[in-house]
Amino acid sequence: HSLAHFKQVHAHILRSTHSPSHSLILKLLSSPSLPYSLSIFSHLPHPLPSLSTPFLRHLSRSSKPEFAFFVYQRLRNEGIPIDRFAFPPLLKAASRVGWLAEGKEIHGFGFKSGFHSDPFVQTGLMVMYVGCGRLPEARLVFDKMSYRDIVAWRIMIDGYCQSELFDDALELFEEMKRANIEADKFVLSSILSACGRAGNLDCGKAIHDYIIQKELEIDAHLRCALVTMYASCGCMDMAQQLYDQMIPKNVVVSTAMVSGYSRHGRVKDARLIFDQMVEKDLVSWSAMISGYAESDQPQQALRLFNELQILGIRPDQVTMLSVISACANLGVLDKAKWIHVYADKNGFGGSLRINNALIDMYAKCGSLERARNVFEKMTSRNVISWTSMINAFAIHGDANNALRYFQKMKEACVEPNGVTFVGVLYACSHAGLVEEGRKIFASMINEHNITPKHEHYGCMVDLFGRANLLREAVEIVETMPFAPNVVIWGSLMSACQIHGETELGEFTAKRVLELEPDHDGALVLLSNIYAKERKWKNVGDLRQLMKERGICKERGCSRIELNDEVHEFLVADRNHKQAYEIYEKLNEVVSRLKLDGYAPNTGCVLVDLEEEEKREVVLWHSEKLALCYGLINGAKDSCIRIVKNLRVCEDCHTFLKLVSKVYRREIVVRDRTRFHHYRDGVCSCRDYW
């Protein structure tokens with residue numbers, strides 16, 4: 001059990017008058033120290049394959065598989081015979097350390113030695129090439145095999161799955177069935193994994209049917225693969241049915257269920273599985289945190305991350321990326337600063353992916369300066385780094401810097417991709433830079449050979465629509481090479497709403513509803529158009545339709561963080577513990593603003609109400625309530641930061657500008673599409689949003 005004891009026994013053997021037996025030498029070659037084993041082997045005179053081959057097998061399975069090549073080199077240099085059984089462990093060692101050159105040398109030596117048709121050697125070659133990521137060479141060996149057993153098929157299918165060539169894996173499985181080779185549970189598990197990762201539910205179901213048809217035993221390993229496949233493909237009812245039959249339930253399959261439910265928006269079900277797990281590893285914690293982060297429940301994601309820390313589990317990069325994403329969605333700067341400090345203290349500061357995520361997080365939390373600081377301190381940058389910085393400028397309305405960094409990116413010889421151009425076009429759209437937007441769209445096609453997709457045409461429609469060039473926006477929609485989607489019609493519809501184009505607005509809203517009958521935005525716009533025209537019967541019919549279908553207009557919701565606590569407000573919200581003070585403060589603010597000429601703009605209230613009721617509806621918008629909470633509880637000179645889920649209305653925009661002037665406070669509001677920085681009565685969007 002220890003090298004010291006082993007050496008004592010070895011010394012006793014050396015003092016013995018008898019020569020050590022063959023089996024005793026093999027025991028000596030399995031010492032607790034690999035270097036010591038090599039030293040013993042080097043003193044063996046002319047070792048036969050009966051000794052060298054088992055020793056090679058031992059080394060190939062050890063923590064230092066590369067040591068097998070020292071043995072191989074001695075055998076070659078001294079002309080000691082190497083039998084065919086030595087090749088698989090040597091090739092396995094090359095596979096484990098990724099030594100392609102050495103693997104190829106052994107391939108060549110095997111060919112010269114006449115072992116190229118030996119099934120053991122051929123299988124070893126496949127393992128080596130797959131392990132080194134050379135699938136074409138592995139397939140060449142596979143295709144030349146005169147006899148392929150189930151192991152050969154399994155290695156090749158596994159290789160395709162590991163390299164994410166799922167279609168090739170599925171095609172090879174079909175070829176295997178045509179060759180009348182019975183698939184074992186390992187092959188079936190690999191194929192089910194390929195189906196799940198490729199999202200191919202039909203193929204996954206066919207494999208399940210094959211298992212039932214062949215009356216194969218569905219053991220824990222295969223059941224786990226089936227559950228994971230169904231969960232990955234979003235067929236959660238079937239996944240749950242199979243999962244319920246598993247006793248006990250291991251951490252891998254439970255995590256697959258958590259991920260499956262989370263990915264398909266069923267976060268409550270995911271949390272139920274998560275809470276029932278007896279054993280949880282970092283992967284399961286990360287899956288649940290990611291589920292909350294991607295389901296617009298960032299506070300829950302951060303709470304779970306705090307629990308992870310209390311348990312003393314150190315996060316990995318995957319966990320940190322989910323936490324940073326949650327913080328970005330929450331939009332709270334103090335939390336963002338804390339996450340950044342935590343990432344640096346725990347050794348993530350040098351990661352390119354983490355830094356790219358931090359740029360995005362700071363941008364979405366309203367601190368363009370901190371986003372730029374992260375970018376400038378990066379020692380290496382890729383296309384995502386530049387694109388994240390350009391997008392940061394774009395959502396903050398700083399089109400000049402977005403264009404400047406786009407130019408710097410090209411000067412740094414970093415080729416922009418399709419996502420980069422979305423960011424640059426977005427910046428032009430929100431700043432009204434129509435001609436610049438035209439040039440960039442043309443350069444994307446002519447200079448960078450990027451074929452525009454729906455999102456690029458959507459940006460151009462938005463660019464022209466915001467600039468009230470509706471005829472050109474319609475022309476884009478009519479001439480684009482594929483059918484416009486909901487997003488493109490939605491951009492045109494929004495432009496019509498902004499510029500009061502009721503006829504075209506009605507037309508575009510109906511196009512949206514053809515593609516997505518339950519689109520709440522289009523139904524609300526149609527209702528608003530009818531309300532503006534005082535067609536109250538049409539308004540009533542639409543609202544009845546929405547009620548019957550269970551469609552609700554998304555309610556305005558605003559968040560503000562103070563003293564490490566996030567406060568949420570809905571329209572006319574009176575649930576907050578300081579509700580009375582908030583409404584008193586609101587009355588005071590309105591009175592002061594009226595002295596500066598403020599009058600509530602009730603034009604956006606398109607329901608059949610009395611004028612006084614309309615004024616109350618406007619004044620009780622969620623961002624006004626959040627603002628008043630900030631004025632009551634925040635430090636006198638501090639910046640008030642608000643995150644809203646919808647576009648800021650015209651009245652709130654005017655209200656916030658006046659508050660920044662009268663109360664001499666900086667206010668930063670993140671709405672659905674961009675940031676508004678209010679200072680001294682002026683907004684960074686220049687009233688173009």
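Residue numbers start at 1 and run along the sequence shown. Quick note: numbers below take in every heavy atom, side chains included, and nothing from hydrogens, waters or symmetry partners.
Looking at Ser527, its side chain never comes within 3.5 Å of a backbone N or O of Leu523 through a donor-acceptor pair. Under the 3.5 Å distance criterion, the side-chain polar atoms of His519 are matched with a main-chain donor or acceptor of Gly521. Between the side chain of Ser385 and the backbone N or O of Asn382, at least one donor-acceptor pair lies under 3.5 Å. Checking side-chain atoms of Ser429 against main-chain N and O of Leu425 turns up no donor-acceptor pair under 3.5 Å.
Of the inter-residue distances, the one linking His567 atom NE2 with Tyr629 atom OH reads 3.0 Å to the nearest 0.5 angstrom. Arg674 contributes atom CZ, which lies 9.5 Å from atom CD1 of Ile395 (distance to the nearest 0.5 angstrom). Atom-to-atom distance recorded for Asn485:CG and Lys453:NZ is 13.0 Å, nearest 0.5 angstrom. Considering NE2 of His264 and CG of Asp269, their distance stands at 12.5 Å, rounded to 0.5 Å.
Within a 6.0 Å radius of CD in Gln544, other residues, nucleotides and ligands contribute more than 12 heavy atoms. Within a 6.0 Å radius of CG in Asp296, no more than 12 heavy atoms belonging to other residues, nucleotides or ligands are found. By the 6.0 Å contact criterion, CZ on Arg679 is open, its count of non-hydrogen atoms from other residues, nucleotides or ligands being 12 or less. Within 6.0 Å of CG on Asp518 lie more than 12 heavy atoms contributed by other residues, nucleotides or ligands. More than 12 heavy atoms of other residues, nucleotides or ligands sit less than 6.0 Å from atom NZ of Lys624. Heavy-atom contacts from other residues, nucleotides or ligands closer than 6.0 Å to CD of Glu171 number 12 or fewer.
The aromatic rings of His653 and His676 stand perpendicular to each other, their planes meeting at an angle above 60°, with 30° marking the opposite boundary.
Figure legend: Arg511 and Phe507 shown as a cation-pi pair, the cationic atom lying under 6.0 angstrom from the six-membered ring centre and within 45 degrees of its axis. Within the cation-pi definition used here (under 6.0 Å to the ring centroid, within 45° of the axis), Arg574 qualifies as a partner of Tyr583.
With Phe421 as the partner, the ring-ring contact (aromatic ring centres under 6.0 Å, His included) test is satisfied by one option alone out of Tyr457, Phe441, Tyr426, Phe406: Phe406.
Using a 4.0 Å cut-off between charged nitrogen and carboxylate oxygen, Arg641 and Glu561 do not count as a salt-bridge pair.
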Item to check | Check against side chain to side chain donor-acceptor pair (under 3.5 Å), Gln299 and Tyr292 | outcome: CA-CA 8 Å; Gln299 287 175 277; Tyr292 280 129; over 6 Å; no

